[in-house]
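Side chains included, hydrogens not; waters and symmetry mates left out as well; all remaining heavy atoms used. Letters go in sequence order (proteins before strands), and every chain restarts at 1.
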There are 2 protein chains.
Amino acid sequence: MAYNPMTHRALTYYDAVPSFLSGKDTPRAYLERCLATIEMREPEVQAWMALNLDGARRAADESTARYRDARPLGPVDGMPIGVKDILQTHDMPTSLGIAGNENANTRQDSASVWALRQAGAVILGKTVTTELGGAHPSKSRNPFDMRRTAGGSSSGSGAAVGAGMVPAALGTQVVGSIIRPAAFSANVAIKPSFGALNRGERQGLSQSCLGVHAGAIEDMWHVAAEIAARAGGDPGYPGLGGTLMPPAPRRPNRLIVLESEGWAATEKPTQEAFAALLEQLTDEGVLLLRRDDNPLIEVFERSIADAVSISSELVAFENRWGHANLLRLFSGSLSDTTMAQIEQAAAMTVAGYRDLLARRAEARLRQVTIAPLADGIITLSCTGPAPLLETIVNRPTGRTGNTAFNAWTSLLGCPALTLPLLGVEGMPVGVQLVGQPNEDEAITAMGRWLAATAKPVIR
Amino acid sequence: MAYNPMTHRALTYYDAVPSFLSGKDTPRAYLERCLATIEMREPEVQAWMALNLDGARRAADESTARYRDARPLGPVDGMPIGVKDILQTHDMPTSLGIAGNENANTRQDSASVWALRQAGAVILGKTVTTELGGAHPSKSRNPFDMRRTAGGSSSGSGAAVGAGMVPAALGTQVVGSIIRPAAFSANVAIKPSFGALNRGERQGLSQSCLGVHAGAIEDMWHVAAEIAARAGGDPGYPGLGGTLMPPAPRRPNRLIVLESEGWAATEKPTQEAFAALLEQLTDEGVLLLRRDDNPLIEVFERSIADAVSISSELVAFENRWGHANLLRLFSGSLSDTTMAQIEQAAAMTVAGYRDLLARRAEARLRQVTIAPLADGIITLSCTGPAPLLETIVNRPTGRTGNTAFNAWTSLLGCPALTLPLLGVEGMPVGVQLVGQPNEDEAITAMGRWLAATAKPVIR
């Protein structure tokens, strides 16, 4: 089941809505098709922790009735959605990816889940996450090659969308946990600006985000916008800007081609594929700027050169006080990866944490200085196709793939959008558009233009 | 048991430490004296939800052994501390003040509780909170007059410290929930800068703070500093500045006397007592500035004139998504006060929330403009003595007293310190020192000077 970006058809929802309104199709029938795909592919992909079949069918029937009455609640009415198993749902357990914690149930809905239910969405199930959203691999496999990782930590959300099981799923990212698995599984996905979508009960990290995986940019936007319209952003933040409808496609005039830590780690065929895509942009009249073209870009590149380690250490420290609780509650069942993070955090000090914050603040200042130079940034979403499990299983870090193209956007709190525009060695590779903080709508507009204009590249 | 600020002796800990080191006294004996006070006064004061006697005695014995070896862990080693029952403790339930939820146990420690245990403190018990930290009165009574409120929402922490049951207790404030009950019960207390002390699992409100009630400013500082040194501030914040030892007393040169919404609501005897205190400051050479003295102060006063309503609405919206969970889990047992907040929130929109954020941002800008004018702000901590329960029980809002002197510091995220310097009609009334954000150490230094210099005023 090799991936070909020319022929691959992702599961979409926005274009099914007209037939719901005309009565030719129904959300219930749509849901049943999703369930058929799940039945077929789940045994190998392993994207789900739990499914609420009864609840989903009931919600789909209610949505069907609303379309029949020509009164849908909005663009996600009836849309089957997967929820990363790190976000709570009142009708399903929330394991946080911890072995032995599969039955933990808070009986509460996260803010985004509450908002999506209000908007008529069908909360179908919980998607597999890595342990505590960390770097320890989950059981999910890449839907395009069972020998490869689905990435992490939103493994199940990426894989479920990639396998066409659902048109959209929620993910979270604190280093690379949305964009990387999305890029590995041919999703469209957004890691929004920090604070843009309400993280609900998960407010405990200073650069984590709630985001959306989808088969189409339109569905991605609809899900994000419905969350923002009802649950808002994080406390104290204005929340995602824009309307419920996705912004019209817009061609950028200038884009910065950013290397970050990722480029040097990128495999040759992926570099070539990306270069071929950039050529198309040049042909379309988009001016591309690189670190050699402007010293502000060079200084910015340098300010994010250690984004992976700074991000990882920030997260480790912020999780520190919770580690004693983890050890008390789950001692013995935690992975070596998590135990290593606990050890790393124990050795940290408040002074060390403040130093990391200062480095992050410096990078954010440098980010501001490049704002006038271009309409946004273009770069890869991952260093190549999803790695083979056998090549990564014994590595102490990076077991769900390299985060080098992702950590810096998490560090900066800026929005990142991945589009499945490249096919390398029969596997998907994503291309990333990045904006200044709160330019989520702008990069989505550019993303729609890029998706409509660029011819996918195969290498 | 009328309150007289001239003769009242609060329970303190820092001055007991020398006798622990000399062997004349022990933390275990100190704890037993606390327990004797609790046994005597708890039946009427009702400050506690739960006590962990075995755990506390064990921790006190361990501390006693450390002092015997002349190796205490730091200034709070052996200190009995009460924890507001809205913060989780692994060894006691956390009810959140919800009736019927008295046995809920997360089996986790909040960040501050973890930090204090690490520092050797004795986590003695959970102090009563109002329902969800809101405005619905709790069962606690004012330790100086059983007919009066203990304030809220940190009712039990304020009352326990006021009654001399413990030398310190943790509170939280989102509108007026630390400073008000502290002022009603003759506590010293700090509502720190936003983000200065790690709120642990309670990160869900954009202007809430963790703070400390104590019998002495030295103990207050030690508790705050030990939390900051180990658990840091909130994620993304540098955390409380300064050293583990309290800053040396410092006389301010200039102070702004702020009216806020509070002054017009203040009872005459309290106004007179405060005026008499200010006279002492003038005699000490402190220059006092008021709204008439500088247009920047006047504009600042206006920017915070609706702080109570802006704060209440911000909180209501931020709690909104959780209301569906509350209604599902606790329907029927929630107070009419909480139900009214749920209704208020349901009518709000994201656009309305953004407007509130803009008004808050405006007030914060105005706060910056007055920074060069003075070393800080002095004002009352409450509009008068704790109200009689019979006069407030039927009022739909303000059932735990007026928050008019408190809401604006919550809105601005600036540090506020209350000192029990006034006695009005046989009841304590607090005086508040307020600084610019992250000037916690500076107002503590001024507070030490004020506590040592000013003669308490009785009216």
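Between atom CG of residue A:N325 and atom CD of residue B:Q88 there is a gap of 6.0 Å, rounded to the nearest 0.5 Å.
Of the atoms belonging to B:L205, it is backbone heavy atoms, and not side-chain ones, that fall under 4.5 Å from chain A. For B:L327, no part lies near chain A; criterion is any non-hydrogen pair under 4.5 Å. Looking at B:A111, both its backbone and its side chain come within 4.5 Å of chain A, counting heavy atoms on both sides. The part of B:A228 that comes within reach of chain A is its backbone (N, CA, C, O), which places non-hydrogen atoms under 4.5 angstrom from that chain. For a residue to count as touching a neighbouring chain, one of its non-hydrogen atoms must lie under 4.5 Å from one of that chain's; by this rule B:R360 touches chain A with the side chain only. For A:R202, no part lies under 4.5 angstrom from a heavy atom of chain B. Contacts between B:R107 and chain A at a heavy-atom distance below 4.5 Å involve backbone atoms as well as side-chain atoms.
Interface summary for chain B: among A:A351, A:S112, A:A361, A:G200, the most heavy-atom pairs under 4.5 angstrom belong to A:G200. Ranked by heavy-atom pairs under 4.5 Å with chain A, the list B:A115, B:P235, B:G239, B:G232 is led by B:P235. Taking B:E318, B:R354, B:Q203 one by one and counting their heavy-atom pairs under 4.5 Å with chain A, the maximum is reached by B:R354. Between chain A and the residues B:D109, B:D234, B:L356, the largest count of heavy-atom pairs under 4.5 Å involves B:D109. Contact count versus chain B (heavy atoms, under 4.5 Å) is highest, among A:A231, A:A324, A:G204, for A:G204.
Inter-residue side-chain proximity for B:Q118 and A:W321 is flagged as unmet; no heavy-atom pair is nearer than 4.5 Å. Contact of the A:R320 side chain with the B:W114 side chain is registered, since non-hydrogen atoms from C-beta on lie closer than 4.5 Å.
Heavy atoms only, all atoms of each residue included: A:Q108 and B:R328 are closest at CA-NH1, 4.1 Å. Heavy atoms only, all atoms of each residue included: A:T106 and B:L329 are closest at O-CD1, 4.4 Å.
The neighbour count for A:E362 CD, taken as heavy atoms of other residues, nucleotides or ligands under 6.0 Å away, is above 12.
Formation of a donor-acceptor pair under 3.5 Å by the B:Y353 side chain with backbone atoms of A:G233 is not found in this model.
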